[in-house]
Amino acid sequence: MKHAVQTFVEGVAQMYAWKAAKGQVPGAELGEFIDLLHNMDWSDQERPIPSPATIPGLRHMQSALAAAYAEGPCPIVDALRLCIGVTPWETYYAESAWSQPFLHEFASGELVGPNGFFPSNDVSLGLFLLGPNTTYTEHAHASSEVYYILSGTVTCRIGYPLCPRTARPGDLIYTAPDERHDIQTGDAPMLAVYTWKGDPSATSYHFDEGPWRGGNVVCPPLINRG
């Protein structure tokens, strides 16, 4: 019998394939994500189910899930329900001037990846929850990334702060390697699937002069990471 995480990941890959056929996001990039997900080695032993973690941002999960179900039937959302209990939820950022605006409003859970429930050194896929009226501060990372929005309407700025984009449930947000970006929620929380490729263990970084400015590169301190 397939593990719930495998069913979920396969559903995400199918959704990406459908989006690629519709011309959403660079098709070649989505194709590489799809290939990596299809080539997952599910024979690897999954890691133990993590102990429940006290993460403030998870208080938004119930309303975010309800909003995702309200969007209508979706195999990904149905499979997600079975994955919640094995998701290794964490915040992983230590408190800093950069992380403070969102630190207590988000939760992330890596289902597949270097720190995931199923290990992989080629791709990372998980869930990202961001509370209402919150900005995930401008940052970048060496890995390319796709967000698939399950619930919540967000404003994202990618590469250039004066050109915000709106993303709604069912939309994809793509960022190229080292492309600066931020995400701001509205009155409802955002629940999204994220996928990284390239170096899935790469960490985020920002610049010390502040959001959308320059200066020295800063890698925010992490907790509970090797």
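Throughout, residue positions are numbered sequentially from 1 according to the sequence presented. Note that the structure is predicted; figures quoted are calculated from it, not measured.
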> Mind checking whether Val112 and Trp42 have side chains closer than 4.5 Å, heavy atoms only?
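Yes; the side chains approach each other to less than 4.5 Å.
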> Take Glu10 and Gln14, measure what side chain to side chain donor-acceptor pair (under 3.5 Å) needs, and give me the verdict at the end.
CA-CA 6 Å; Glu10 289 176 350; Gln14 290 173 2; 5.7 Å; no
> Using the test salt bridge (Lys or Arg N to Asp or Glu O under 4.0 Å), find all partners of Arg81 that sit at least two apart in sequence or belong to another chain.
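Arg81 satisfies salt bridge (Lys or Arg N to Asp or Glu O under 4.0 Å) with no residue once adjacent residues are dropped.
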> Once you round to the nearest 0.5 Å, how far does OG of Ser120 lie from CG of Leu36?
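That separation rounds to 7.5 Å.
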> For the pair Glu110 and Arg47, evaluate salt bridge (Lys or Arg N to Asp or Glu O under 4.0 Å) and give the outcome as yes or no after the intermediate values.
CA-CA 12 Å; Glu110 189 174 289; Arg47 295 184 171 116; 5.6 Å; no
> Examine distances only and state if a side-chain atom of Thr135 and a backbone atom of Pro101 form a donor-acceptor pair shorter than 3.5 Å.
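Side chain of Thr135 to backbone of Pro101: no pair is present.
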> My understanding is that a hydrophobic cluster links ILVMFWY residues whose side chain heavy atoms are under 4.5 Å apart, including indirect links. Using that, what else belongs to the cluster containing Tyr205?
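Via sub-4.5 Å side-chain contacts, Tyr205 links to Phe207, Val217.
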> Just jot down the side-chain hydrogen bond (donor to acceptor under 3.5 Å, both in side chains) partners of Asp35, sequence neighbours excluded, or say none.
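side-chain hydrogen bond (donor to acceptor under 3.5 Å, both in side chains) list for Asp35, sorted by chain: empty.
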> Please check if the number of heavy atoms outside Asp187 that lie under 6.0 Å from its CG is greater than 12.
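Result for CG/Asp187: open.
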> Under 4.5 Å between any side-chain heavy atoms of Val12 and Ile76, yes or no?
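When only atoms from C-beta onward are counted, Ile76 and Val12 do touch, with a gap below 4.5 Å.
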> Which residues pass the side-chain hydrogen bond (donor to acceptor under 3.5 Å, both in side chains) test with Ser151, not counting sequence neighbours?
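Partners of Ser151 by the side-chain hydrogen bond (donor to acceptor under 3.5 Å, both in side chains) criterion come out as none, since no residue qualifies.
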> Is there a side-chain contact between Glu95 and His104, using heavy atoms and a 4.5 Å cut-off?
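The answer is yes, as the side chains (C-beta and beyond) meet within the 4.5 Å cut-off.
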> With a 4.5 Å cut-off on side-chain heavy-atom distances among I, L, V, M, F, W and Y, is there a chain of contacts connecting Leu37 to Leu82?
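No, Leu37 and Leu82 fall in different hydrophobic clusters.
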> If you look at every heavy atom in Gly215 and Asp208, which pair is closest and at what distance?
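The pair with the smallest heavy-atom distance is CA-OD1, 3.2 Å.
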> Working to the nearest 0.5 angstrom, can you tell me the gap between Trp98 CH2 and Thr137 OG1?
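That separation rounds to 6.0 Å.
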> If you look only at pairs with a residue in residues 126-149, which of them pass as a salt bridge (charged side-chain N to carboxylate O under 4.0 Å, His left out), with sequence neighbours excluded?
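Those involving residues 126-149 are Glu138-Arg180.
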> Would you sort out whether Phe8 and His3 count as a ring-ring contact (aromatic ring centres under 6.0 Å, His included), showing the intermediate values?
CA-CA 9 Å; Phe8 179 72; His3 194 283; over 10 Å; no
> Got Tyr147 and Ile183 here, is their nearest side-chain heavy-atom distance under 4.5 Å?
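SC-SC contact between Tyr147 and Ile183 confirmed.
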> Is the shortest side-chain heavy-atom distance between Leu111 and Phe118 below 4.5 Å?
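No; the side chains remain at least 4.5 Å from each other.
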> Would Tyr136 and Phe102 count as a ring-ring contact (aromatic ring centres under 6.0 Å, His included) if you check the C-alpha gap in whole Å, the side-chain angles of each, and the deciding distance to 0.1 Å?
CA-CA 6 Å; Tyr136 186 22; Phe102 65 87; 4.8 Å; yes
> Testing the basics here: between Ser143 and Pro200, what is the closest heavy-atom pair and its distance to 0.1 Å?
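The answer is OG-N, 3.9 Å.
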> Taking the side chain as every heavy atom from C-beta outward, state whether Tyr194 and Ser108 have any pair of such atoms under 4.5 Å apart.
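Yes, at least one pair of side-chain atoms sits under 4.5 Å.
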> Which atom names give the shortest non-hydrogen contact between Ala13 and His38, and what distance separates them?
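Of all heavy-atom pairs spanning Ala13 and His38, the closest is CB-NE2, 3.7 Å.
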> Hey, could you give me the OG/CD distance between Ser144 and Glu32, rounded to the nearest 0.5 Å?
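One finds 7.5 Å between OG of Ser144 and CD of Glu32.
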> Give the minimum heavy-atom separation between Thr87 and Gly109, together with the two atoms involved.
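It is CG2-CA, 3.4 Å.
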> Nearest 0.5 Å, what's the OG1-CG distance between Thr203 and Asp199?
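Interatomic distance, Thr203 OG1 to Asp199 CG, rounded to 0.5 Å: 8.5 Å.
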> Do Phe128 and Tyr148 have ring centroids that are under 6.0 Å from one another?
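Between Tyr148 and Phe128, the centre distance exceeds or equals 6.0 Å.
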> Contact between Arg59 and Glu105 at the side-chain level, heavy atoms closer than 4.5 Å - yes or no?
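Yes, at least one pair of side-chain atoms sits under 4.5 Å.
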> So, applying side-chain contact (heavy atoms from CB on, under 4.5 Å) with Leu58, which one of Thr91, Leu129, Ile84 is it?
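Of the listed residues Thr91, Leu129, Ile84, the side-chain contact (heavy atoms from CB on, under 4.5 Å) partner of Leu58 is Leu129.
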> Could you check whether any side-chain heavy atom of Ser204 comes within less than 4.5 Å of a side-chain heavy atom of Tyr93, counting everything from C-beta outward?
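In short, these two side chains touch, coming nearer than 4.5 Å.
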> So which pairs with a foot in residues 151-183 pass ring-ring contact (aromatic ring centres under 6.0 Å, His included), sequence neighbours left out?
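Non-adjacent pairs meeting ring-ring contact (aromatic ring centres under 6.0 Å, His included): His139-His181, His141-His181.
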> Looking at Glu209 and Arg213, what are the two nearest heavy atoms and their distance?
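So the two residues come closest at O-CD, 3.5 Å.
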> Nearest 0.5 Å, what's the CG-CG distance between Leu80 and Leu191?
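If I round to the nearest 0.5 Å, the distance is 6.0 Å.
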> Working to the nearest 0.5 Å, report the span between CG of Leu172 and CD1 of Ile149.
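If I round to the nearest 0.5 Å, the distance is 8.5 Å.
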> Is a side-chain donor or acceptor of Thr185 paired with a backbone partner of Thr134 at a separation under 3.5 angstrom?
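A pair under 3.5 Å: yes.
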> For a side chain to side chain donor-acceptor pair (under 3.5 Å) check, start with the C-alpha distance between Thr195 and Tyr16, then their side-chain angles and the critical distance, and finish with the verdict.
CA-CA 11 Å; Thr195 314; Tyr16 286 174; 2.7 Å; yes
> Is the backbone N or O of Ala17 less than 3.5 Å from a side-chain atom of Lys22, with the two atoms forming a donor-acceptor pair by type?
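No, the answer is negative, given that no donor and acceptor are paired below the 3.5 Å cut-off.
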> Ignoring hydrogens and geometry, is there a side-chain-to-backbone donor-acceptor pair from Thr166 to Thr155 under 3.5 Å?
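Side chain of Thr166 to backbone of Thr155, a donor-acceptor pair under 3.5 Å: no, none is there.
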